[in-house]
Protein chains: 2
Amino acid sequence: MNFQQLRSVREAVRRGFNLTEVAAALHTSQPGVSRQIRELEDELGVEIFVRVGKRLTGLTPPGVAVLPWVEKLLLDAESLQRASEEFTQGSTGVLSVAATHSQARYALPHAVRDFRATHPHVQLQLHQGSPEQISQMLLTGVADIGIASHVLAESPGLVALPCYRWTHAIVVPEGHALLDGPVTLERIADYPVITYDTGLTGRNSIDGAFARAGLNPEIVLTAMDADVIKTYVDLDLGVGILASIAMDEDHQSHPRLRAIDARHLFPINTTSVAVRRGGLLRGFAYEFVQTFASHLTPDVVKAAQQAPADTQQAPL
Amino acid sequence: MNFQQLRSVREAVRRGFNLTEVAAALHTSQPGVSRQIRELEDELGVEIFVRVGKRLTGLTPPGVAVLPWVEKLLLDAESLQRASEEFTQGSTGVLSVAATHSQARYALPHAVRDFRATHPHVQLQLHQGSPEQISQMLLTGVADIGIASHVLAESPGLVALPCYRWTHAIVVPEGHALLDGPVTLERIADYPVITYDTGLTGRNSIDGAFARAGLNPEIVLTAMDADVIKTYVDLDLGVGILASIAMDEDHQSHPRLRAIDARHLFPINTTSVAVRRGGLLRGFAYEFVQTFASHLTPDVVKAAQQAPADTQQAPL
DNA sequence: TATCCTTACGGAATTCGTAAGCATG
DNA sequence: CATGCTTACGAATTCCGTAAGGATA
């Protein structure tokens, strides 16, 4: 058993059982990959992949049993290397953070500024993506830390740690009728609505609130980020619903806009930090998390990483 | 990085940094081991071992950081192999159980009998040893399951699961004065005492009970097992204190002896099953545990194995 | 017929053990 | 001076990529 064999197996699963792709991804020849897999299967005495003729199509039952350990081994190997990098590289290194637009635009800047001040030798990479893309970036190792409004923890390979709670706000141009008197879901639904794309930044909780109230507002525009929403609210296209944090900061760009607190209308949302389960990150990665959410100390995050996936049940 | 390098490192630590011994244990040459270690250090860019001249004497700080991952990797590799053995070997295989004398003699026979009936193709190995030896056997992989009166969980590499509680009994020859009236620690201390060796089968709780009562009984003989104790009680050498289970069974061998319940005199003891943390056992190993202690289902044991070592705090 | 995996083969790189060298207690 | 690690070297093995073969959609 060797790591190249394990990498071949993992990559084969990730790339949909296409060994030609796997070879490209691992910078080796296709027959090489074929051999690695065959040799591991021979050594273990089981077929990991289902073969239809000469084509791989899926995992066999032994393959399903073996795969989690393959991934664990490769993950641990990376952790071992990271553990030693802590000594070879000292305080220098690369930290890769993946976040949704909202987080990158409004929540992260403070943490990034503080972190760069305290860790000038760490090269900070910021990747933006949808929650699904962020999960993928974490699992494939492209990113070390993921930040998004919950959801992320879907994959058993990830751990999500709640950071802070936030609510939505309503945005309207100055002089808008909604600014007079208390805002209700019913009143909002009278106007065209501009908000986030499905699955982004609490869009689910917005939809849920309207649905529970039996309302069906006209969504005239959905966007991936608050700036786009604000731009079109500014053009009188409709009423904006966005994360209140997106209004707290940034008053210059759209001076004509007014925010209305809407925490009583929509469910509270939670922003979470996600990391790979079972892995080890560089020391400064844990420090970044703590900079972002002070209660998430390195020890807390490490403990969460090492906790098993199935012990999700809350204590009594 | 390859597994032979990792094995060399692990073995070097286990064998007190003597590479000659390591070479013998791994069935290879000493320069080979030296090279494996050197190459891993080169690849990681850190020195794992402290070298005094040409001799290895201990772990460097990077070595301390890296070692847990080395052990985890090797453990996971074994788990991967076991996962596939489940398919290659079906219901056959070898199950190695390590237990103290008391457990092997009195608690295990039922479980062994039932297990052999349900798993006729599993070769059952029973190793006897002190709690420390049992821990070692588990950690080195000689045994898969350890059974002893608590203590075992000292090592972070092991998980102990409580099975059942038991108490001590007093053994005296028929007609002994202690058989008349209630037994107290004071009355026992009037006689010479025969009991277990230090550290074995609840000896600690016996000592503790006498110490708390301010008594200092004369221990005239200590033994590793109940049979020896009974033999010498039968010879009128003194009063025996042993696990009550050792008297419940087996009435033939010493028909002259009488047992007196002593659960009110000494603290309750707990027998635990211990397994390697983070590892995977063959399916029948989990079934054996369940046969021994029906509440320890395979899922319960697996969950305990995967739980992190530092989350020992009880839920609120 | 295009895609994709397996087999075959030969050169290159790695691996490993023996023998010699050297430092330490 | 006995023990124990490192270096040196040569043989054997393993590894890997190219090229050809065969099966499937």
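Note: hydrogens, waters and symmetry copies are ignored here, and every other heavy atom, side chains too, is used. Per chain, numbering begins at 1; letters A, B, ... match sequence-line order.
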* Asked: What residue pairs, at least two apart or across chains, pass side chain to side chain donor-acceptor pair (under 3.5 Å) with a residue in residues 44-55 of chain A?
  -> A:E41-A:R51
Once you round it to whole Å, what is the distance between [atom2] of [N] and [atom1] of [X]?
X	N	atom1	atom2	result
A:E39	D:dT14	CD	C1'	9 Å
A:Q5	D:dC16	CD	P	10 Å
B:E47	D:dC5	CD	C1'	13 Å
B:L56	D:dT3	CG	P	18 Å
A:F3	C:dT14	CZ	C1'	18 Å
B:Q36	D:dT7	CD	P	15 Å

List the atom pairs, with distances to 0.1 Å, where a side-chain N or O of residues 19-30 of chain A and a protein N or O form a donor-acceptor pair under 3.5 Å, not counting sequence neighbours.
from	atom 1	to	atom 2	distance (Å)
A:S29	OG	A:G32	N	3.2

* **Verdict with supporting geometry, B:T222 and B:D197, side-chain hydrogen bond (donor to acceptor under 3.5 Å, both in side chains)** => CA-CA 5 Å; B:T222 65; B:D197 287 332; 2.6 Å; yes
* Any residue of residues 6-28 of chain A with a heavy atom less than 4.0 Å from an atom of DNA chain D -> A:T28
* To do: Please work out if B:Q4 contacts a base, only the sugar-phosphate, or nothing of the nucleic acid, heavy-atom cut-off 4.0 Å.
  => nothing
Throw together a table of side-chain donor-acceptor distances under 3.5 angstrom for residues 61-81 of chain B, partners on residues two or more places apart or in other chains.
from	atom 1	to	atom 2	distance (Å)
B:D76	OD2	A:K72	NZ	3.4
B:S79	OG	B:L75	O	3.2
B:S79	OG	B:L280	N	2.9

* To do: Classify the ring geometry between B:F288 and B:F115 as parallel (under 30°), tilted (30 to 60°) or perpendicular (over 60°).
  => perpendicular
* Using a strict cut-off of less than 4.0 Å between a Lys/Arg side-chain nitrogen and an Asp/Glu carboxylate oxygen, indicate whether B:R38 and B:D42 qualify as a salt bridge. => no
* Structure fact -> With sequence neighbours left out, the residues meeting side-chain contact (heavy atoms from CB on, under 4.5 Å) with A:E85 are A:R82, A:T88, A:Q89, A:R282
* Asked: Ignoring hydrogens and geometry, is there a side-chain-to-backbone donor-acceptor pair from A:Y286 to A:D299 under 3.5 Å?
  -> no
* **Sugar-phosphate or base contact per nucleotide [nucleotides 18-25 of chain C; S, B, -; heavy atom under 4.0 Å]** => BB-BSBBS
